[in-house]
2 protein chains.
Amino acid sequence: MFLVPTSAPASNIESIALAPNAHANFPSLSNEAGWRCKGDLWSNLHDICELLNIRFSSNKGKEILFQHVRYKAGQKIHKIGQHFENLAIVNCGFLKTGVIDEYGSEQVLSFPMKGDLLGIDGIYNQCHATEAVALSDCDIILVPYKTFSTLGHTYAELEQAMFSVMSRELLRERTMASMLSALGAEAKVARFLSNLGIRFSELGYSGKVFNLRMTRHEIASYLGLAIETVSRTLTALHELGVIKVDQRQIAIIDALFLKTFRRLPSTRSRIKVTQMTAPKVTRSLTKNITQKVPVLSAKNTLLQQNKELANILN
Amino acid sequence: MFLVPTSAPASNIESIALAPNAHANFPSLSNEAGWRCKGDLWSNLHDICELLNIRFSSNKGKEILFQHVRYKAGQKIHKIGQHFENLAIVNCGFLKTGVIDEYGSEQVLSFPMKGDLLGIDGIYNQCHATEAVALSDCDIILVPYKTFSTLGHTYAELEQAMFSVMSRELLRERTMASMLSALGAEAKVARFLSNLGIRFSELGYSGKVFNLRMTRHEIASYLGLAIETVSRTLTALHELGVIKVDQRQIAIIDALFLKTFRRLPSTRSRIKVTQMTAPKVTRSLTKNITQKVPVLSAKNTLLQQNKELANILN
DNA sequence: CGCCAATTTGAGTCCCATCAATATTTGTGG
DNA sequence: CCACAAATATTGATGGGACTCAAATTGGCG
């Protein structure tokens, strides 16, 4: 239902308007077999900044145009090792990024969606370190890195904004790493759903009811779990009453629980607070959470605690 | 022995030379109690680029100076929530970065050392999301973000280079996340040591014999393991003969093993190769590794495999 | 309908966290 | 310098959470 934005009617006009300063020999995007429909849309700098949630007051940006490209589900935006030429901004659709290890196993690293920036990892080394695959039909805006670079030191604000976007991306990765190493399986899945809901609502979709665009397998890879564990945990959360699951349809019932639940970290992982760390003003919210978070004994599984939790939550 | 670079003699000269375009009101770095010795050194743009491994051919950079600041082991370069004003480049010394959760537990995210850039996560939101703590006495170069920003669109190359550095940082995080979710405890520790060795040798130190600057606790937090597991794994690797461990002294015997060892990932995590992924030219090295990697049965622990492995390795 | 992929569910096993105890090192003050 | 305390590491025993193997079920699609 909700998550696939109705894409604008696709007419296959191939005449693409390009600003004079756009990279001349427009990148051949892929040597991969298969048909691809070049989008009929173009965006100017203002559109892009809006998409990225960047404030850009200058009004010179109207003349600088960027090409849209359509990808069908399953197609790759870029592959590992491919020469890096473009950054890409997701206009609509859902993707995954990941790496492939020596055994052919895929390791999913992120699920980009509208407004996300793809290809940052290619700047270093001029070569993509990850691959990006469309999970649904996608509309992607290409930003030739050369163009991007030129614009950066023409419009100071823009440059600043790009640093900000990269910083945000870095933050996400860190949050992810933190989650991966500190939380148990149940909490991982819970936060995964919570984060999805939040991102969806930021995009204007429903954050309470949505479809998963990715397989259980991809979720498992992303969270560092076995596929069976993901499945079991989903049903457990369902039976707990905090979500509803029907195949890939998800309905979030208790968002707070999903966001705050974590397994009990024993005193073991507590590192002595170093020296002169004044208590400082911990955010008021933090304090509340500390007391309200439903902390489950590590000795029980979610399923066994239905009643126990029902008491806590009601 | 090796890892603590002999710091230049510290004279407390407070007269800091500043370029005219450097930020006027120089940032008050910390409201934290304790004594801090302002460094007597300053670096120009060229020094910094060299430190960051950036090629910067322009010769205008000599006049732009950046302040050095000394931190003693245990001091914090910045705290979580602190207003973001400076990026910081590690000139010498060893640090850790991390976040503190609701329970006061620290989650270690990285171990920056010479040449690394600190504070990127603060660009977004103008506020530090992580804290950075000196593990040893450190010499840090402050780069006021405002100055940095100004320089960026003055020197095009420099801007490019900064994007590159941020891209590299992002790559590291991704590699980390990938490792955290895909590897077992033994492989985590092995790769941790391997990565340390590689970074040390890149810095000109010995990559084979070095001191750990961090506690087992911090390693455990970084790798998402229990401290006991780290300890046990170290002794296991020691008894395997691939490393030597004596407290925080590490000697790497079999670097290849450390780098390539991983637990057997079952078919479970194998995702069907999507569509038209031509076999492509996999790097020759990859193929070799695929066959040479010592893959251990998941059913045994390192300790139990001494002989078995000895056979494989010899 | 029949095939294949995705998902669910069950049973068994193992890796790793946990608890506990000891050893070693570091730091501090007398 | 030594003694005492606190932090840091090591080692063992144990249990549980998540992986593994296996089979059943569902859903998609030609």
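The chains referred to below are lettered A, B, ... by the order of the sequence lines, with proteins before strands, and numbering in each begins at 1. Given the structure is predicted, the values throughout are model-derived calculations rather than measurements.
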Sorted by chain and number, sequence neighbours left out, salt bridge (Lys or Arg N to Asp or Glu O under 4.0 Å) with B/Arg199 holds for B/Asp116
Tell me which pairs pass side chain to side chain donor-acceptor pair (under 3.5 Å) where either residue lies in residues 175-184 of chain A, with sequence neighbours left out.
A/Ser181-B/Gln107
Tabulated below should be each protein N or O lying under 3.5 Å from an N or O of nucleotides 8-12 of chain C; please produce it.
unit_1: C/dT8; atom_1: OP1; unit_2: A/Arg216; atom_2: NH2; d: 2.9
unit_1: C/dT8; atom_1: OP2; unit_2: A/Arg216; atom_2: NE; d: 2.8
unit_1: C/dT8; atom_1: OP2; unit_2: A/Ser231; atom_2: OG; d: 2.6
unit_1: C/dT8; atom_1: O5'; unit_2: A/Ser231; atom_2: OG; d: 3.0
unit_1: C/dG10; atom_1: N7; unit_2: A/Arg232; atom_2: NH1; d: 2.8
unit_1: C/dG10; atom_1: O6; unit_2: A/Arg232; atom_2: NH2; d: 3.4

Interatomic distance where CD belongs to A/Glu218 and P belongs to C/dA5 [whole Å]:
15 Å
In whole Å, I'd like the distance from the CG atom of B/Leu212 to the C1' atom of D/dT8.
13 Å
Take A/Asp246 and A/Gly184, find for each the nucleotide of DNA chain D with the closest heavy atom, and name the residue whose nucleotide sits nearer the 5' end.
A/Gly184
Between CG of B/Asn211 and P of C/dT26 the distance, given in whole Å, is 11 Å
Rounded to whole angstrom units, what separation is found between the CG atom of A/Leu223 and the C1' atom of D/dC19?
15 Å
B/Lys72/B/Asp137 salt bridge by N-O under 4.0 Å criterion
no
Roughly, in whole Å, what's the span from CG in A/Leu225 to P in C/dT7?
15 Å
Can you tell me which residue pairs pass the ring pair (Phe, Tyr, Trp, His ring centres under 6.0 Å) test with a partner in residues 223-251 of chain A, sequence neighbours excluded?
none
I want to verify a distance call: between D/dC19, C/dA17, D/dA9, whose nearest atom is closest to the B/Thr215 side chain?
D/dA9
Starting at NE2 of B/His217 and ending at C1' of C/dA17, how long is that distance when rounded to a whole Å?
13 Å
Residues two or more places apart in sequence or in another chain: which of them pass side chain to side chain contact (heavy atoms under 4.5 Å, CB included) with B/Leu203?
B/Met113, B/Lys114, B/Tyr205
Is the shortest heavy-atom distance from the side chain of B/Val245 to the side chain of B/Ile243 under 4.5 Å?
yes
Separation of A/Leu237 atom CG from C/dT7 atom C1', in whole Å?
16 Å
A/Ser231: side-chain hydrogen bond (donor to acceptor under 3.5 Å, both in side chains) partners, not counting sequence neighbours
none
What is the separation between atom NE2 on A/His238 and atom C1' on C/dT7, rounded to the nearest whole Å?
15 Å
Any A/Arg248 side-chain nitrogen or oxygen under 4.0 Å from OP1 or OP2 of C/dT7:
yes
